[in-house]
Amino acid sequence: MSEPFTDIKRSHFCGDLRKEDIDKQVTVMGWVHRRRDHGGVIFVDLRDRRGLLQVAFNPGISRASLDKAHTLRSEYVIAVRGTVAHRPEGTVNPELATGEIEVLADKLIILNKSETPPFEISERKDVSESVCLKYRYLDLRRPSVQKIFFTRHQMYQVIRNFLSNNDFTEIETPFLTKSTPEGARDYLVPSRIEPGSYYALPQSPQLFKQILMLSGFDRYFQIVKCFRDEDLRADRQPEFTQVDMELSFIQEEDIYGILENMMKNVFKEVLSTDIETPFSKLTYQDAMERFGLDSPDTRFPLELKDITSAVKNSSFKVFSQVAEKGGVIKGINVKNRSGLSRKELDDIIELAKIHGAGGLVWIKLTDDGWQSPVAKFLTETEKSDISRIMEAGAGDLLLMVADPSFNTVCNSLGHVRLHLVKRLNLQPSKKFQFTWITEFPLLDYSEEEKRWVAVHHPFTSPVEKDLPLLESDPGKVRARAYDLVLNGSEIGGGSIRIHRQNIQSRIFELLGIGSQEASLKFGFLLDALKYGAPPHGGIALGLDRLIMLMTGAESIRDVIAFPKTQKAACLMSQAPSPVDSRQLRELHIKSTGIKK
RNA sequence: GGGGGCGUAGUACAGUUGGUUUAGUACGCCGGCCUGUCACGCCGGAGGUCGCGAGUUCGAGUCUCGUCGUCCCCGCCA
């Protein structure tokens, strides 16, 4: 029978009591973590958000409480009054922070009972993720799970304090906003008042934060949810949190400096870790050339080398034909790994193919010479050129990819590289390696849409001296855009924006967005730009990913209190779900879906 | 949209070439015993739509097809 909660007040958290509290009368409240019933004496591990505390029920202290304690079960919510006592000789538990003491209970109140939970609230997690997510409220009771959210909270506080102390103002922007072209698919919200019209949930507060700069706030930030209706990944959720910021009268270096200081603070305050500043910088081009990816993990060697010049005339047709088409041949030298098995090589080839490569050529440099399916095609000159470029010697394993597309070569080898890092269990040179990726291309030609599309977004400023290339060679124009990469994960990105209307018009023209369409889609920003826009720029960091890296979480779901599955469903609330037909009528919506 | 993995008591798993009993094991749960345990211990007990639906077969947890859920990846997404 659960009892009323009156005339009783908690005096301490369970996890906070120490031997300094011995002889104190305390009242603690929490959940029955575990009960050990010895008949004549009962121990209960009582859990609250601060930790575990052993409560002893002893007939010498209170017969009534002991009798009542027999009825306790896992996850009952109880209040216990008692005296803090040193544990008897030999019964101290060094595993517990409170292990030197226990509370001798003289009063027990059962505040609430619990059904047997579907799984133990234990740190030995042998429960599948979908069961955890269905009962997320129980999963969240685990101390290790709670710890992530305490850490996350702490990170928020450091960020807010830092930015506030640096003249940033936190301003909220609308969630019910306007759908914009470009970028990700929007989540739409139908308008009840305006039939056939829709709001979109923001993919980011991009346009609004630029407007705030035009309004003269000078520095803005917001810790804010963003929404993107795209397929999920281990590090992608449909709604996620960014710290979004925008600054006026600044250049790239100003933003780098502020972010570096902010991250220094975050890591110091939250993890007591000193990180190195300024962060290293890599141009997009160098990142691709050396690491194959635009979010390179630079903590490991195994860099890509370009061997096009060495094999462009090779009698191995795959190489020579790719070179003829203007493609490249790149390779990785895996030092002292010529002993890798056929199976492992096959896995690597398969991985390269998944990432777009037609295939992958391997060469084992053994003491008996070059062992490879393509060895017989290579001349001695070609071999020595390859060896020179790749700094290869006996015992090494060379992996090469050739493709007409530079990006395909880099991307596939970049992923092969990461696979090798994991497979060979290479140790990172640093725990946290931040890198700025700079000089992204402004535009990318979309074969699918047959037009140029913005790599970052359409308001990103081109590099001033590349402006003449806008019309002549758009693919060569560099953007004043930058990404922040931590240990091979992109955790943020931003750019200096276009604040001059004539340049914005040229960009829209390139993107095939007519002036009519432009004013329809984001006319308010274009209008605003006419009224004295200061030079401005900003950045946004994905806080879910950042906290993942800080806590070592394997999945983004681990750092979100109520995450969604890969099909964007919430297993706890059962969202999304069908709605009443009356709701649809009010919203002037008729579903064409055929979910049985 | 595509490729791959997984799905068996509350939970985590085992289940052989398709044929051994009533589909097992551990934890949890229920009952009993137990005054120093701490993943307490001992004795006993209950608990199964083998995800769902077809098919092959004398016979399916096991094979085939479909479907649903979940995870990883490609495309997509900064």
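Values reported hereafter were calculated over all heavy atoms of this structure, with side chains retained and with hydrogens, waters and symmetry mates removed. Everything quoted here is computed from the prediction, not taken from an experiment. Protein chains get the first letters and strands the later ones, always in sequence-line order, with residue 1 at the start of each.
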Tell which nucleotide pairs with rC77(B), taking only Watson-Crick or G-U wobble pairs whose two distances are both under 3.5 angstrom. none
With both distances under 3.5 angstrom, what nucleotide forms a Watson-Crick or G-U wobble pair with rG7(B)? rC68(B)
Over all strands shown, is Gln206(A) touching base, sugar-phosphate only, or nothing at heavy-atom distances under 4.0 angstrom? nothing
Cationic N near anionic O, under 4.0 Å, Lys134(A) to Asp139(A): no
Side-chain donor-acceptor contact under 3.5 Å, His457(A) with Arg497(A): yes
With a 4.5 Å limit on heavy-atom distance, are the side chains of Thr298(A) and Phe291(A) in contact? yes
Among rC38(B), rA78(B), rC73(B), the one nearest Phe440(A) by side-chain distance: rA78(B)
Just say parallel, tilted or perpendicular for the rings of Phe440(A) and Tyr284(A), cut-offs at 30° and 60°. tilted
Please list, for nucleotides 26-31 of chain B, all pairs of protein and nucleotide N/O atoms separated by less than 3.5 Å.
residue: rC27(B); atom: O2'; partner: Glu120(A); partner atom: OE1; Å: 3.1
residue: rC30(B); atom: OP1; partner: Arg73(A); partner atom: NE; Å: 2.9
residue: rG31(B); atom: OP2; partner: Arg73(A); partner atom: NH2; Å: 3.3

May I ask you to verify whether the side chain of Arg236(A) and the base of rC77(B) hold a donor-acceptor pair under 3.5 Å? yes
For Arg50(A) and Gln146(A), test the side chains for any donor-to-acceptor distance below 3.5 angstrom and give the result as yes or no. no
Tell which nucleotide pairs with rC30(B), taking only Watson-Crick or G-U wobble pairs whose two distances are both under 3.5 angstrom. rG44(B)
Pair Arg480(A)-Gln251(A), side-chain donor/acceptor within less than 3.5 Å: yes
Between rG15(B) and rC58(B) - P atom distance, rounded Å: 28 Å
Do any side-chain nitrogens or oxygens of Gln203(A) fall under 4.0 Å of OP1 or OP2 in rC77(B)? no
Short side-chain N/O contact to rU37(B) OP1/OP2 from Arg36(A), under 4.0 Å: no
N/O-N/O pairs, protein side and nucleotides 1-6 of chain B side, under 3.5 Å:
residue: rG1(B); atom: O6; partner: Asp231(A); partner atom: OD2; Å: 3.4

Asp186(A)-Tyr198(A) side chain donor-acceptor pair, cut-off 3.5 Å: no
Using the benzene-type ring in the case of Trp, are the ring centres of Tyr199(A) and Phe175(A) under 6.0 Å apart? no
Side chain of Val455(A) - closest among rU37(B), rA78(B), rC72(B): rA78(B)
Salt bridge or not between Lys330(A) and Glu289(A)? Use side-chain N to carboxylate O under 4.0 Å. yes
Output the single nucleotide from rC74(B), rC40(B), rG36(B) whose closest atom is nearest the side chain of Arg87(A). rG36(B)
